[in-house]
Visitor: 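Okay, here's the structure, questions in a sec.
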Amino acid sequence: MVKRIGVLTSGGDAPGMNAAVRAVVRKAIYHNIEVYGVYQGYQGLISGNIKKLELGSVGDIIQRGGTMLYSARCEEFKTLEGQLKGIEQLKKHGIEGLVVIGGDGSYMGAKKLTEHGYPCVGVPGTIDNDIPGTEFTIGFDTALNTVLDSIDRIRDTATSHERTFIIEVMGRNAGDIALWTGLAGGAETIIIPEEGFSMDDVVARLNKGQERGKKHSVIVVAEGVMSGTEFAEKLKEATDMETRVSVLGHIQRGGSPTAADRVLASRLGARAVELLLDGKGGRAVGIEANKLVDYDIIQALAMKHQVDLDIYRLSKELSI
Ligand code: ADP
């Protein structure tokens, strides 16, 4: 019977991580299990920055962006020595299982702990939506809404000045943020790493729009393809069209989580605790068709995240 578990957040932060931490803590305490917070990700694990969390420790955080446990990147944890130091700290604190909330890098760390025989459960927390084994990650929906708000505002000025705007969004190597916000924001063109593009095609679409009297155009470019500025330069080479570039940057990572992210984070965090209580370490939790799922973490990492190309095709059809 597990008596004490730990929780950490690692890698890039995402809105909803706090809601996940809250769910882990409250679910564990509900089952009379003690919970320890590991601060600053794997860095804090190695250095022993570990404190007991109570019900009240996670009060008033469900609505906050960022993570109350802080996050960090930790090169040392990629080494065997670093991982063994981490396990030593967990054992020293009597922690019998760990919930890791983070992106695929953080999952790699959890996978390593699992391979050393220490039970870990991964919870997908990243705005990029690029984690295999789940259709949605915690923070993605909030990031979409943040980007969408910007696209709507940029569209206003694009219309007033009859301009073409290029908006660069995050996503690392995944095109999900660009794709979903492009569709929801009515972008004329969406450029994602998963699909090639031809500048001739982009220009033809812009021209066609202008011919039918469109006052503006919005092109959403995923950072995984190239920067917005680079795209603007290439477009300028192909046509003498005047463009403006907007790089949304880190605003996409902040803000109060949406209802969808709070609910997702609460469900996934609670499920991670259930798995540890059932003695099931080495799992990664996710959501598919609105049902909670879990995979072997090693298997999950071997799977490939797929962008929804139906959405890509639809966006092309609707932006003619
Ligand atoms: P994210 O979790 O958002 O993808 P990173 O890729 O920076 O962010 O990973 C977060 C942390 O996870 C790293 O700083 C490191 O401590 C740990 N990590 C990443 N890759 C590995 C690995 N191969 N082995 C062990 N730990 C890793």
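We use all heavy atoms of the structure for the numbers below, so side chains are in, but hydrogens, waters and symmetry mates are not. Remember, it's 1-based here, ligands and their atoms both numbered in the order they're listed.
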Visitor: With heavy atoms under 4.0 Å as the rule, classify the contact between E115 and ligand 1 as side chain, backbone, both or neither.
Guide: neither
Visitor: Would you call E75 and K78 a salt bridge, using N to O less than 4.0 angstrom?
Guide: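 Between K78 and E75 there is a salt bridge, with a charged N closer than 4.0 Å to a carboxylate O.
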Visitor: Any nitrogen or oxygen of E75, main chain or side chain, under 3.5 Å from a nitrogen or oxygen of ligand 1?
Guide: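 In fact, backbone or side chain, E75 has no N or O that close.
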Visitor: Answer with side chain, backbone, both or neither: which part of K112 has a heavy atom less than 4.0 angstrom from an atom of ligand 1?
Guide: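 The part of K112 near ligand 1 is the side chain, not the backbone.
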Visitor: Could you tell me whether D308 and R313 make a salt bridge, using a distance below 4.0 angstrom between a side-chain N and a carboxylate O?
Guide: no
Visitor: Among protein heavy atoms, which sits nearest to atom 2 (O) of ligand 1, and what does the distance come to when rounded to 0.1 Å?
Guide: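 The answer is S106 OG, 2.5 Å.
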Visitor: I'd like to know if the side chain of H305 pairs up with that of N129 as donor and acceptor (distance under 3.5 Å, no hydrogens or angles considered).
Guide: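 Not at all, the side chains of H305 and N129 share no donor-acceptor pair under 3.5 Å.
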Visitor: Minimum heavy-atom separation for Q252 to M170, with atom names?
Guide: OE1-N, 2.9 Å
Visitor: Is the closest heavy-atom distance from T126 to ligand 1 below 4.0 Å?
Guide: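 Checking ligand 1 against T126, which is what was asked, there is no heavy-atom contact under 4.0 Å.
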Visitor: Nearest protein heavy-atom contact for atom 4 (O) of ligand 1: which residue, which atom, what distance?
Guide: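 Answer for atom 4 (O) of ligand 1: G105 N, 2.9 Å.
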Visitor: Got the closest protein heavy atom to atom 3 (O) of ligand 1, with its distance?
Guide: G12 N, 3.1 Å
Visitor: Determine whether the side chains of R153 and S246 contain a donor N or O and an acceptor N or O closer than 3.5 Å.
Guide: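 Distance-only check fails for R153 and S246.
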Visitor: Under the 3.5 angstrom rule, does the side chain of S160 hit a backbone N or O of D156 as a donor-acceptor pair?
Guide: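 Yes: the side chain of S160 pairs with the backbone of D156.
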Visitor: Does at least one non-hydrogen atom of Q83 fall below 4.0 angstrom from an atom of ligand 1?
Guide: yes
Visitor: Could you check whether atom CZ of F197 has more than 12 heavy atoms from other residues, nucleotides or ligands sitting under 6.0 Å from it?
Guide: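 Enclosed.
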Visitor: May I ask you to decide whether E188 forms a salt bridge with K214, counting only side-chain N to carboxylate O separations under 4.0 Å?
Guide: yes
Visitor: Are the side chain of T9 and the backbone of S71 linked by a donor-acceptor contact shorter than 3.5 Å?
Guide: no
Visitor: In ligand 1, which numbered atoms sit nearer than 4.0 Å to a non-hydrogen atom of G11?
Guide: 1 (P), 2 (O), 3 (O), 8 (O), 10 (C)
Visitor: Which of the listed options, G109, G125, S10, holds the heavy atom that is closest to atom 10 (C) of ligand 1?
Guide: S10
Visitor: Please state which protein non-hydrogen atom is closest to atom 21 (C) of ligand 1 and give its distance, to 0.1 Å?
Guide: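 I find the closest protein heavy atom is M108 CB, 3.5 Å.
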Visitor: Any N or O on G103 sitting closer than 3.5 Å to an N or O of ligand 1?
Guide: yes
Visitor: Quick one: nearest non-hydrogen protein atom to atom 15 (C) of ligand 1, plus distance?
Guide: C74 O, 3.2 Å
Visitor: Determine, stepwise, if the pair N290 / R267 fulfils side-chain hydrogen bond (donor to acceptor under 3.5 Å, both in side chains).
Guide: CA-CA 11 Å; N290 203 25; R267 293 175 75 189; 2.9 Å; yes
Visitor: Look at atom 25 (C) of ligand 1 and say which protein heavy atom is nearest, naming residue and atom and giving the distance to 0.1 Å.
Guide: F77 O, 3.4 Å
Visitor: Just need the protein heavy atom nearest to atom 7 (O) of ligand 1, so name the residue and atom and give the distance.
Guide: R73 NH1, 2.5 Å
